[in-house]
There are 2 protein chains.
Amino acid sequence: MAEKTVQGAQVVGRVAQLLRIVGRSPEGGVALPAIVEASGLTRPTVYRLLNSLAAEGLLDHHAETGMWHLGPEIYVLGAVAANRYAIEDLARPSLQRLADETGESAFLSIRRGDETVCLLRVEGSFPVRSFVLHEGVRFPLGVASAGLAIMAFLPDAEVDRLLDDGGARAARFGPAHTAERIRANLEVTRRNGYTVNPGLILEGSWGMGAAVFDRQSNPAWALSLTGIEQRFRPERQEFLGKLLLEEAHKITQQLGDQASGR
Amino acid sequence: MAEKTVQGAQVVGRVAQLLRIVGRSPEGGVALPAIVEASGLTRPTVYRLLNSLAAEGLLDHHAETGMWHLGPEIYVLGAVAANRYAIEDLARPSLQRLADETGESAFLSIRRGDETVCLLRVEGSFPVRSFVLHEGVRFPLGVASAGLAIMAFLPDAEVDRLLDDGGARAARFGPAHTAERIRANLEVTRRNGYTVNPGLILEGSWGMGAAVFDRQSNPAWALSLTGIEQRFRPERQEFLGKLLLEEAHKITQQLGDQASGR
DNA sequence: AACCGCTTGTCCACAACATGGACAGCAAGG
DNA sequence: CCTTGCTGTCCATGTTGTGGACAAGCGGTT
């Protein structure tokens, strides 16, 4: 989080931070005070920056509700950038199949630095759903099934670096997120190929995930399923894990097949 | 271009400008000097800002070539924003049909302030192609068939405002872009429904376009076709125009059908 | 080799610019 | 009526961004 920003560019860091905060907010948008709180900046500063960003079209300010959203310019730039980073088209059919066959909600997350960001969601048919995860939500690697699935296939040195945060992660996401318990989970994940999150973030809200690998065989994305504990009993985990791995492999393969140009 | 930036936010404007410049560059990326030139800022400033943006993941700097690209963070944010602005999924099939049936290249552009931005491109089968237009390219409204098609269905006051510089903004893209000639084109466009750009930007490079309307009946997007003059003879224009209008109507309709929530 | 033109990367004195404390105005709730 | 929490704005302050200037690298031309 505390990047050593390039010298002479404080604002750029702040702007990026604000964009991320607004981006990870749920569909209804975020209000100013929440952004102030999340950013740790003073209110006038946030106010001014948000308005400038809105003037550039990077953010949108709903006049009635006062809520802030990502703006059209971000959408436009992102659409252009997507030509270089396209994976969603490949992943969406997999998510649909996962949701259809399991009844749970299925997600695609992408690794972004030391975090995962949820990109796509397909709701399952099962009537009880968790709303911990949705498009734009970020978790540090090691938290939530997507981040665990990815982390399990990172080099040891990387894992060590990520876990060595002096307990900040555990403090934010619950006492279950100690370095030791995460390591144990990664161990099991490496053996099975898929990971299980037994309600670590929110009690009763379970998840499973499997990593998708880029052309250099780095775990860059993850598929995951979420639902309530009762739907993730041990006897069903094997079935769900197999499905996740199948779909993850499919995507990994398709990514490899693509001509490496563009 | 010269927006009255919100007070106390010079950098935000600069940052947004840099993102746009990098975003509209072709696939190979842009080099620093070109960005300096395009932005009108001094080199150290651009250098510093670009590096900060890259540190935040908003830009990407290819180490070998030195080229700048839109970064993963933009992609991620854009993917999240796309939930609010989705049109590409609706438009892609139309573009495909247009390209298949005509052999020309088909494009989707979106209105963004006083410009259009090209979002999607589907190459046609015809072996001679123009590369004036590609994803990320921006033209002022009134230039290129997409911008003309959109402008033709804007309120008169809006049109006046856009042209009250005598077409100076448009004239950057060729001497044919005077206010009078643009008005004449808009006139014809309103009658036909579709617009024809008879090589105004680049001699011999023709285009045709039709507007797509949002739920408030504003022309917010445009479909367009481009190709060489010989493929846009009067007798073929009617055929191409009819196809464009059909597909544009299809998309407009689908947009209207969508539940207005999310 | 010496020179040129063009590039990237870095420094630092200067002052322009972003900053944030403070205040006004408004709406909702007790 | 007072309190709480919000949005929007001002402006003195000094932190922060700025850009002129210089160093160094690279490839081509004479």
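The chains referred to below are lettered A, B, ... by the order of the sequence lines, with proteins before strands, and numbering in each begins at 1.
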Regarding the side chain of V11(A), the nearest nucleotide among dT18(D), dT19(C), dT7(C) is dT19(C)
What is the distance, to the nearest angstrom, from the CG atom on L32(B) to the P atom on dC26(D)? 18 Å
Any donor-acceptor N/O pair, S130(B) side chain to S205(B) backbone, under 3.5 Å: no
Measure the spacing between CZ of R172(A) and NE2 of H177(A) and express it to the nearest 0.5 Å. 10.5 Å
Pair E115(A) + R112(A), salt bridge at N-O below 4.0 Å: no
L18(B) CG to dT18(D) P: how many Å, rounded? 10 Å
With no hydrogens and no angle check, just 3.5 Å: does a side-chain donor-acceptor pair link E123(B) and S105(B)? yes
dT9(D) phosphate, OP1 or OP2: any side-chain N/O from Y47(A) under 4.0 angstrom? yes
Quick one: L53(A) CG to dA18(C) C1', roughly how many Å, whole number? 14 Å
Between H61(A) (NE2) and dG8(D) (C1'), how many Å, whole number? 11 Å
Starting at atom CD1 of I35(A), determine the distance to atom P of dG8(D), rounded to an integer number of angstrom. 12 Å
Whether Q10(B) contacts dT16(D) is assessed here as follows: a side-chain N or O lying under 4.0 Å from the phosphate OP1 or OP2. Is that the case? no
Does the H62(B) side chain pair with the main chain of W68(B), one donor and one acceptor, at a distance under 3.5 Å? no
Starting from the C-alpha separation in whole Å, work towards a yes-or-no answer on side chain to side chain contact (heavy atoms under 4.5 Å, CB included) for T178(A) and R169(A). CA-CA 8 Å; T178(A) 60; R169(A) 172 192 45 255; over 6 Å; no
Expressed in angstrom and rounded to an integer, what is the separation of E37(A) atom CD from dC6(D) atom P? 10 Å
How many Å lie between CG on N51(A) and P on dT19(C), as a whole number? 13 Å
Given protein heavy atoms under 4.0 Å, the one-letter contact record of nucleotides 20-30 of chain C, with B base, S sugar-phosphate only and - none, is simply BBB--------
Please report the distance, rounded to the nearest Å, between CG in L49(B) and P in dG17(D). 9 Å
Starting at CD1 of I21(A), measure out to CD of E37(A) and round the result to the nearest 0.5 Å. 10.0 Å
